[in-house]
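All heavy atoms count here, side chains included; hydrogens, waters and symmetry mates do not.
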Amino acid sequence: MANKEQTRKKFETLSRIPVEEVYTATNQTNAHGELPGQFPYTRGVQPTMYRGRLWTMRQYAGFGTAEESNKRYRNLIANGGDGLSVAFDLPTQMGLDSDDTHSKGEVGKTGVAIDTLADMEILFDKIDLGKVSTSMTINATASILLALYIAVGEKQHIPSTQLSGTIQNDILKEYIARGTYVFPTKPSMRLITDIFAFCKVHVPKWNTISISGYHIREAGSTAIEEVAFTLANGLAYVDAAIKAGLLVNEFAPRLSFFFNAHNYFFEEVAKFRAARKLWAMLMKKRYQADDRSCQLRFHTQTAGCSLTAQQIDNNVVRVAYQALSAILGGTQSLHTNARDEALALPTEPSARLALRTQQVLAYETGVTDTVDPLAGSYYVEELTNRIEKEALALIEKIDSLGGAVAAIEQGFPQQMIQNSAYDYQKKIENKDLIIVGVNQFQIKEDFPEELLKVDPKLEGKQLAKLKKIKETRDNQKVKEALARLKKAALGPDNLMPFILEAVRCYTSLGEISNTLKKVFGEYRENIVL
């Protein structure tokens, strides 16, 4: 029987861009003479890229208690990781304490449980925050987690001006794709611009937002939609910051982005190049930003949605070439998923192998020796141009709807992602898209035994720890700090100093979040049918 790949009638990328049999100079429409490190940065934001410095190898980890996560972080650093990326459990992401009734059964399951400064102190015990860069995947409660991180730095006698890292802090993609929102759109945008203004003065090395296409892609978008919706959200944050009185060239250099590295290799390389160029052009045209403010710097994570529960060793291969696409596309930092993450949080050996994958690519393949080595490829340049053009058309459509926030409220990006996800799944079920081990080349196999299991006693331990903190802290100070926070939320003051004051006296994340809810209310999704 003939292999299905040899009998295909239709060739297209995952974004449904038709793929020609061969590309020639007639497809080459990019301006000649573009160089890395020069506007519009299609070829990279630094002139020497990885010849000068490799990307940050930032492994995403966090599970169970702060104690267990701390062990994993120290192990990653000992094995050559130079950046930490923290995963928080769902209650922490949703502004709930571990003892909240809505947290039952979820404590420590998808990441580390953080209730108070005591947990954060344990999480970074014996880790010098003055030397390590930390990324935190946190959005609705980003202001609280940033304040906790600053407070831990203070405990280590490290001033906030020396702290470096990133908070995701991208609430718009939560409304679009992920769902861990707390407050309505307007106060959420206020919290974000408060962070921008606070960090400009007090935490100048911090990336104040990581505008995320990753979760948009994980929800089922195409590469083109990932670029368009991510950049449209970015423009909304720029607009909000300017309206709050900030100058674009003061905050824009601290904006960062977060993209997915999916399966269709050449489209992914082109996607990164197109996103970089399109952002630069939009920032220059709309805000007359200086060149530094036009640079799109981004973190990449390999596609979690591409991992399969079947034949999990195949995931090692997928992750390797997805990571390679990010490197050839010019990423500034990279996380490689572990082979067993379709089934559970990664075991320590799996996490180490994921890190080794990056190290092999960095030190053994030669792909870092020259900048943007695929530039000039007729195919890659054509895909770059096509993604840029179609993403810009989508951004202009969002503009016509009133911008990203209005488009989200009307359900426009949600509907497009839903349609693309349905189309992708239909192709798999019809075998128009082959996923090895899933709909072709299947085998009988036993369920993997060596999976990480979160201790069921963990939740009880976390509850006991929180109970002790609430009993032994100065509760009068907590009460006064929350009263000042509520008063500030009712007015125009920047909320970060008040949140920082609250966490210093071991006020819990849930108590701070609930105080803000009393003023701001909670977001309710508008279901568009």
Side-chain angles (χ1 to χ4, degrees), residues 139-140 142 168-179 181-197 208-217 219 221-222 224-252 254-259 274-275 277-289 293-294 296 387-420 520-521 523-528:
N139 298 283
Q168 194 163 103
N169 201 25
D170 176 6
I171 199 62
L172 294 181
K173 69 95 175 48
E174 296 297 327
Y175 302 130
I176 292 174
R178 192 161 173 266
Y181 42 71
V182 177
F183 312 113
T185 55
K186 188 175 180 180
S188 291
M189 295 295 275
R190 173 189 172 181
L191 283 167
I192 288 169
T193 55
D194 279 358
I195 291 170
F196 288 178
T208 50
I209 193 167
S210 176
I211 305 160
S212 175
Y214 182 84
H215 302 98
I216 290 171
R217 191 65 179 278
S221 80
T222 65
I224 291 168
E225 291 162 355
E226 180 187 356
V227 170
F229 298 151
T230 305
L231 299 194
N233 288 349
L235 295 172
Y237 295 127
V238 173
D239 287 339
I242 291 172
K243 287 178 183 176
L246 301 177
L247 299 176
V248 67
N249 292 326
E250 290 181 345
F251 69 84
R254 302 313 304 176
L255 302 178
S256 67
F257 291 79
F258 175 24
F259 288 113
K277 179 180 180 182
L278 185 53
W279 180 252
M281 301 292 282
L282 288 166
M283 289 294 286
K284 185 71 72 175
K285 181 179 180 181
R286 297 193 181 196
Y287 308 105
Q288 293 76 54
S293 298
C294 292
L296 184 149
I387 292 170
E388 177 196 347
K389 179 181 177 182
E390 295 194 19
L392 179 59
L394 265 180
I395 291 170
E396 290 172 345
K397 172 65 177 176
I398 290 168
D399 289 341
S400 74
L401 295 172
V405 175
I408 290 165
E409 291 171 346
Q410 295 168 58
F412 173 70
Q414 296 96 310
Q415 187 65 59
M416 285 202 72
I417 293 168
Q418 179 180 315
N419 293 342
S420 293
F520 297 153
Y523 179 77
R524 292 288 180 263
E525 185 176 7
N526 179 25
I527 305 296
V528 180

Using the side-chain contact (heavy atoms from CB on, under 4.5 Å) rule, take Tyr237 and Leu172 through it: C-alpha gap first, then chi angles, then the decisive distance, then the call.
-> CA-CA 9 Å; Tyr237 295 127; Leu172 294 181; 3.3 Å; yes

Evaluate the criterion side-chain contact (heavy atoms from CB on, under 4.5 Å) for residue pair Phe412 and Phe229; output intermediate values, then yes/no.
-> CA-CA 10 Å; Phe412 173 70; Phe229 298 151; 4.2 Å; yes

May I have the step-by-step check of side-chain contact (heavy atoms from CB on, under 4.5 Å) for Asn139 and Val182, ending in yes or no?
-> CA-CA 9 Å; Asn139 298 283; Val182 177; over 6 Å; no

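Between Phe258 atom CZ and Lys173 atom NZ the span is 8.5 Å, to the nearest 0.5 Å. Separating the OG atom in Ser420 from the CD1 atom in Ile216 is a distance of 12.0 Å, to the nearest 0.5 Å. Atom CD1 of Ile417 and atom CD of Glu226 lie 10.0 Å apart (nearest 0.5 Å). Taking CG from Asp399 and CG from Leu394, the interatomic distance works out to 11.0 Å, rounded to the nearest 0.5 Å. Distance CZ/Arg524 to OH/Tyr181: 8.5 Å, rounded to 0.5 Å.
Taking the six-membered ring for Trp and the full ring otherwise, the centers of Tyr214 and Phe259 sit at least 6.0 Å from each other.
The backbone N or O of Ala406 sits less than 3.5 Å from a side-chain atom of Gln410, completing a donor-acceptor pair. Looking only at distances, no side-chain donor or acceptor of Glu388 sits under 3.5 Å from a matching main-chain atom of Ala275. With hydrogens and angles ignored, the 3.5 Å screen pairs no side-chain donor or acceptor of Glu390 with any backbone N or O of Ile387. A distance-only check finds a donor-acceptor pair linking the side chain of Thr193 to the backbone of Arg190 [under 3.5 Å].
Closest heavy-atom contact between Ser188 and Tyr175: OG-OH, 3.1 Å. Between Asn169 and Ile209, the closest heavy-atom pair is O-CD1, 3.3 Å. A pairwise comparison of heavy atoms in Ala232 and Ala404 identifies O-CB, 3.6 Å as the closest pair. In this structure, Ser293 and Met283 approach most closely via the heavy-atom pair O-CE, 3.7 Å. The two residues Ala391 and Ala228 have their closest heavy-atom pair at O-CB, 3.6 Å. For the pair Phe183 and Gly521, the tightest heavy-atom approach, listed with the atom from each and the gap, is CD2-O, 3.7 Å.
Side chains of Tyr287 and Asp239: a donor on one and an acceptor on the other come within 3.5 Å.
Salt-bridge annotation for Asp170 and Arg178: absent, with no side-chain N of the basic residue lying under 4.0 Å from a carboxylate O of the acidic one.
Results of the side chain to side chain contact (heavy atoms under 4.5 Å, CB included) test with Ile176 over Thr230, Asn233, Ile171 single out Asn233 as the only residue that passes. Across Leu255, Leu231, Leu278, a single residue satisfies side chain to side chain contact (heavy atoms under 4.5 Å, CB included) together with Leu296, and that is Leu231.
The aromatic rings of Phe251 and Phe196 lie parallel to each other, with less than 30° between the two planes, well short of the 60° mark.
In this structure the side chain of Gln168 reaches within 4.5 angstrom of the side chain of His215, judged on heavy atoms.
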